[in-house]
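Notes for the one structure printed next.
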Number of protein chains: 2
Amino acid sequence: MTSSTRSLDELIVVLKAVADEKRLSIIASLGDGERCVCELQQRLGAGQSLLSFHLRTLKEAGLVSDRREGRWIYYSLIPEALGDLEAFLRETRAGETR
Amino acid sequence: MTSSTRSLDELIVVLKAVADEKRLSIIASLGDGERCVCELQQRLGAGQSLLSFHLRTLKEAGLVSDRREGRWIYYSLIPEALGDLEAFLRETRAGETR
DNA sequence: TTGACACATCAATCACCGTTGATGTATGGT
DNA sequence: ACCATACATCAACGGTGATTGATGTGTCAA
């Protein structure tokens, strides 16, 4: 009974999304609250287009959400996402013999 | 103080290794003990060459170890690896505001 | 309405990954 | 020595992801 909120396919999408240095940096930057793209752009020193691509990937994986406020769009983490990943790893690890 | 056993680069290698359906199947199959390649080959229904490639990826990521016994090579999980990943996610998630 | 700003999307390129078939290597049986 | 087995490695191909520059979209100010 390996119950989990997400399907295996969805979890792989999440894993692929997390398995990237720049996207991990984004996640780390969002750890202490929401950020607009321009802030992330400065923090990561990445081009606007590239950053938008990575944010899209994270969004499609269900890891972040966005909110528009005037001209700015603020991105923030969805706490459950990483929790589901943790739970999945815990279940996988539980299958080990010792 | 984000202490962790592995560097960020190493963790990304582990994440990339785990972010694949067939490699996850291998990990699941190794969950209840070591298996030779021929056993995994039957379980996954994968070609010998392909399976060898995935096992190499997992090995280079530090997720599995191999042991030769006669003509057979037995692969088994390295428990710490997934634990480190869990710890990393826990630390990352701990940075969230709530 | 015109322009500046913040961001998304598109198009093109490049590199890397997954897959397959062929070949190489080590072990054991005869 | 020879052959079969179990596995690794190599070569080649196709697909997908990361990156960049150009263009499109929505918002605000003047």
Side-chain angles (χ1 to χ4, degrees), chain A residues 8-30 33-78 81 85, chain B residues 8-30 33-78:
Chain A
L8 183 63
D9 289 334
E10 289 172 331
L11 278 167
I12 290 179
V13 170
V14 176
L15 281 169
K16 284 186 185 296
V18 173
D20 180 271
E21 186 178 0
K22 293 188 178 172
R23 288 193 288 265
L24 275 181
S25 298
I26 294 174
I27 291 175
S29 290
L30 295 180
E34 63 178 10
R35 304 269 174 190
C36 68
V37 181
C38 55
E39 285 177 292
L40 294 171
Q41 206 166 333
Q42 292 178 149
R43 282 204 171 197
L44 304 187
Q48 183 267 323
S49 176
L50 179 59
L51 192 54
S52 195
F53 165 76
H54 285 304
L55 286 170
R56 188 178 210 271
T57 303
L58 289 172
K59 186 179 175 184
E60 287 178 350
L63 282 162
V64 303
S65 61
D66 58 340
R67 176 181 69 86
R68 161 150 253 154
E69 187 174 328
R71 293 188 241 187
W72 298 271
I73 294 182
Y74 290 90
Y75 280 85
S76 53
L77 282 179
I78 298 178
L85 209 53
Chain B
L8 183 62
D9 289 333
E10 289 172 332
L11 278 167
I12 291 179
V13 170
V14 176
L15 281 168
K16 284 185 185 296
V18 173
D20 180 90
E21 186 179 359
K22 294 188 179 172
R23 288 194 288 265
L24 276 181
S25 299
I26 294 174
I27 291 175
S29 290
L30 295 181
E34 63 178 9
R35 304 269 174 190
C36 68
V37 181
C38 54
E39 285 178 293
L40 294 172
Q41 206 167 333
Q42 292 178 150
R43 283 203 172 199
L44 304 187
Q48 181 268 323
S49 177
L50 179 58
L51 192 54
S52 195
F53 165 76
H54 285 305
L55 287 170
R56 187 179 212 271
T57 303
L58 289 172
K59 186 178 175 183
E60 288 178 349
L63 282 162
V64 303
S65 61
D66 58 340
R67 175 181 69 85
R68 161 150 254 155
E69 186 174 329
R71 293 188 239 188
W72 299 270
I73 295 181
Y74 290 90
Y75 281 85
S76 54
L77 282 180
I78 299 178

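Per chain, numbering begins at 1; letters A, B, ... match sequence-line order.
- At whole-Å resolution of the value, CZ in Arg68(B) and P in dT25(C) are 14 Å apart.
- Tyr75(B) has a side-chain polar atom (N or O) that falls below the 4.0 Å cut-off from OP1 or OP2 of dA8(D).
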With 3.5 Å as the limit, what N/O pairs link the protein to nucleotides 18-24 of chain C?
from    : atom 1 : to       : atom 2 : distance (Å)
dG18(C) : OP1    : Arg23(B) : NH1    : 3.1
dG18(C) : OP1    : Arg23(B) : NH2    : 2.5
dG18(C) : OP2    : Arg23(B) : NH1    : 3.4
dT19(C) : OP1    : Lys22(B) : NZ     : 3.2
dT19(C) : OP2    : His54(B) : NE2    : 2.8
dG21(C) : O6     : Ser49(B) : OG     : 2.4

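- Residue-environment remark: CZ (Arg67(A)) exceeds the threshold of 12 foreign heavy atoms within 6.0 Å.
- Across the protein-nucleic acid pair, Asp66(B) atom CG and dT9(D) atom C1' stand 15 Å apart, rounded to whole Å.
- Side-chain contact between Asp20(A) and Thr57(A) is absent, with no heavy atoms from C-beta onward closer than 4.5 Å.
- Separating the CD1 atom of Ile12(A) from the P atom of dG17(D) is a distance of 13 Å, rounded to the nearest angstrom.
- Atom-to-atom, CD of Glu39(B) to P of dA6(D) comes out at 11 Å; the value is rounded to the nearest Å.
- Partner of Leu63(A) under the side-chain contact (heavy atoms from CB on, under 4.5 Å) criterion, chosen from Val14(A), Ile78(A), Ile26(A): Val14(A).
- Here the CG atom belonging to Leu30(B) is positioned 10.0 Å from the CD atom belonging to Glu39(B), to the nearest 0.5 angstrom.
- When the P atom of dA8(D) is taken as reference, atom CD of Gln41(B) falls 10 Å away, rounded to whole Å.
- Just one of Glu34(A), Arg68(A), Arg35(A) meets the side-chain contact (heavy atoms from CB on, under 4.5 Å) condition when paired with Ile73(A); it is Arg68(A).
- The structure places CG of Asp66(B) at 12.5 Å from SG of Cys36(B), a figure rounded to the nearest 0.5 Å.
- Distance CD1 (Ile73(B)) to C1' (dT25(C)): 10 Å, rounded to an integer number of Å.
- A heavy-atom distance below 4.5 Å is not found between the side chains of Arg56(B) and Ser52(B).
- With values rounded to the nearest 0.5 angstrom, Lys22(A) atom NZ is found 9.5 Å from Leu51(A) atom CG.
- In this structure, Glu21(A) atom CD and dC16(C) atom C1' are separated by 16 Å, rounded to whole Å.
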Sort me out a list of protein N/O and nucleotides 28-30 of chain C N/O pairs below 3.5 Å, or just none if empty.
from    : atom 1 : to       : atom 2 : distance (Å)
dG28(C) : O4'    : Arg71(B) : NE     : 3.3

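- In terms of heavy atoms, Glu60(B) sits closest to Val13(B) at O-CG1, 4.4 Å.
- In this structure, Arg56(B) reaches the dT9(D) phosphate: one of its side-chain N or O atoms is under 4.0 Å from OP1 or OP2.
- In this structure, Tyr74(A) atom OH and dC7(C) atom P are separated by 8 Å, rounded to whole Å.
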